[in-house]
Structure formats: structure tokens, C-alpha cells
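Structure record follows, encoded as C-alpha cells.
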Number of protein chains: 2
Amino acid sequence: MGIFSKTCEYAIRSVFFIAHRTENGSRVGIKEIATGISSPEHFLAKILQDLSKKGIVKSVKGPHGGFYMDESTLQRPLADVVEAIDGNGLFTGCGLGLVSCSESKPCPLHNEFKVIRKNIHEMLLKTTIKEFNGDLNLGVTNLKK
Amino acid sequence: MGIFSKTCEYAIRSVFFIAHRTENGSRVGIKEIATGISSPEHFLAKILQDLSKKGIVKSVKGPHGGFYMDESTLQRPLADVVEAIDGNGLFTGCGLGLVSCSESKPCPLHNEFKVIRKNIHEMLLKTTIKEFNGDLNLGVTNLKK
DNA sequence: TAAATAAAAGACAAAAAACTCTTTTATTAT
DNA sequence: ATAATAAAAGAGTTTTTTGTCTTTTATTTA
């Protein structure tokens, strides 16, 4: 198990890829994205449909169509992508899976996990989708399996 | 999705429960544990069999049998329980699921996740299984759903 | 306006995780 | 020794997640 679901991992990698690949204002097709991030094409298609409905990515059908992102979306925090796919359980849920866990009825690890969750949330809130373009362009970072 | 698998959540809650419930040197049966942590009894049985094989809990069959933990195990860090069930992927794996992710071929979030993973690992290494007994005895903390 | 293109949508299939039920084995107390 | 007890083990089922394949819809270019 990772921190994110597989679906969410693909979602994050795909928005990084789309952001990087369409910096010049172009669009990129599902096949190229799937290859670029080592994901199953049709599974990724579902994820992008979902992200599209939620306004994270844009798409156009037909010749020279494909996926892209507008400038305001590129500046959104990564937390928005995670929340769109995995929900906010990672930021708010109990580390031990207790639905009733709260300040007044805490699990034993309540305070410890509060810190962890805060770390994760803050990290994802302060990172924007587009800020990784530079390193991807330079080939310093990688999105393939 | 939580940080841990459901199996691991039950494992942690059960070791907390056993530690707390057998402080006086007694043993506690699977039914009482399952009730005490709101888990499916037979599913938990499998988990405890696994923890038993790995030396995290001890068990004796027959009348007045049940589960308990010896003093040295009670002082082990929670990280040992997590690693026994979920493995060390949480501490070492790539946040974006890339098997080839490394210092020389990092994913875009490599450094960010290094911090997160370190936080989680250190927290689980410095907490011992038995240190939560006090609050459980006082009824301050809770293990039930 | 017709053909080509590419995403959207729908319907499955496989694998993994979570959960259940029954039988067996070991231990203890009578 | 025997019966009662309780964990161990085995053999499933269900649900969720992940992945595949096909058909439909929208757009563009010729």
C-alpha cells in the first residue's frame, strides 16, 4: 500500500505529464500520456474523464484534440488532485480507521497522526501542479515506472 | 484509503488492546479482543496467527488460554507491527508508485516524500506498544469503531 | 458533408483485499 | 483418560480495486 491509491498515483503523474507536455499551448493525446507515465491506457482514460468532469484537466475530441490544462488550473495545489480522486480521508481520517475518532474520543495515536496528516496536507497544499515542469523539461525527474 | 491497510489497522488496535488488557499477566481471548476493537472475529484471528508467527504476540490454546505479550515485546516500537503486516513500503516506497524511483532517477515529489516518510517512520519508531496502556486504562483513549 | 480522429462512455474481467465459516490441533481441568 | 476449551489452519465468499475491450459521441479537416 502506498499513501495514495493506484488511481491517484496515475492521476498525479498524468497531470504532471500534461502540464509539462502542453506548456507551449498544445494538447496531448491519451496514448502519449499513458506511455509517458507507464499506465494502462484505458484505465487512465477513465481517470482523466473523472478529472475532466471535476475541472482539473480540459479535453477536446477529434483531430488534434487531446488533453491540456488552463493557466489557473496549473497553479492549483496538488492537494486538489488528490482530493478529487482519493477524497479528503488522507487529511482528515483516523490513522487506525476509527470513524468515531475525535478530540473528545481519540484513538491512542490521535495526536501523532494529527502531525503526520498536517505535514502531508501542507506539503500538498504548497506544491502547485506546474512547479515540476522545469525539472521534467531538464530530464532531471521521471514519471515512468 | 488510509495510511495503513485495514489488516494493519486491526493489528495495531489488537496489540494495543492485548497490551492493555493483559498488563496484570493474564491472557485475553480472541472474542474479547474482537469485541474490544470492533473487528471481525475470524479475520482478526488470521491476523493474530500471523503476528504470533512473527513473534509480536504469544498465544496458548485450551482453557484459560488466549493471547498475551512478553515484556520485551511490549517495549518494541509500533513500527515493528506495521512492518510485520504492511511491509516497509510505507517507509521506503515512492509516493507516486514508481518502482525505479531513486536519488539518481527521482520522481518529481521525491524530496517532499522523503520528509513525509521520515516523519511517519520516526513517529512509529519512537512509540512503543505499551506506552498507550495508561490512557487506555483511564478510558481517555478508544479502540472501538 | 463525409471521413478521419480522438475522447467519452459502457460493459466486462482479473486481481487483491476484506471477511466468513468449518474443521483440526493443542492444552487444561476434571 | 476424557471432555471442554480456545487457538490454528483450511477453504471458501464478497467486495473493492485495478485493468481491458468495445461502442458511441463530438470535433475537425479535407
If the condition is salt bridge (Lys or Arg N to Asp or Glu O under 4.0 Å), which residues does [X] pass it with, not counting sequence neighbours?
X      : value
A/K114 : A/E103
A/D50  : A/K54
A/K118 : A/E122
B/R117 : none

[X] [atom1] to [N] [atom2], straight-line distance once rounded to whole Å:
X     : N      : atom1 : atom2 : answer
B/L44 : C/dC21 : CG    : P     : 16 Å
B/E41 : C/dT20 : CD    : C1'   : 11 Å
A/L48 : C/dA9  : CG    : P     : 13 Å
B/Y68 : C/dT27 : OH    : P     : 11 Å

For A/T141, side-chain contact (heavy atoms from CB on, under 4.5 Å) partners two or more places apart: A/D135, A/L136, B/P106, B/P108
Separation of B/C107 SG from B/L109 CG (nearest 0.5 Å):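 So the CG of B/L109 and the SG of B/C107 are separated by 5.0 Å.
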By ring-ring contact (aromatic ring centres under 6.0 Å, His included), which residues pair with [X], not counting sequence neighbours?
X      : answer
A/F132 : A/F16
B/Y10  : B/F43
A/Y68  : none

For DNA chain C, determine which residues of residues 6-32 of chain B have any heavy atom closer than 4.0 angstrom to one of its atoms, and list them numerically.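 Contacts with DNA chain C under 4.0 Å: B/K6, B/T7, B/Y10.
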Indicate yes or no: does B/E71 engage B/K130 in a salt bridge with an N to O separation below 4.0 Å. yes
What are the bounds, 5' to 3', of the part of DNA chain D that sits under 4.0 Å from heavy atoms of chain A?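 Answer, 5' to 3': D/dT18 to D/dT29.
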Would a 4.5 Å heavy-atom cut-off, applied to side chains only, mark [X] and [Y] as touching?
X      : Y     : result
A/L143 : A/S14 : no
B/D86  : B/L90 : no
A/T35  : A/E41 : no

Strand-adjacent residues in residues 51-65 of chain A, judged by heavy atoms under 4.0 Å from DNA chain D: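 Contacting residues: A/K61, A/G62, A/P63, A/H64.
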Under 4.0 Å from any atom of DNA chain D, heavy atoms only: list the residues of residues 86-94 of chain A that qualify, in numerical order. none
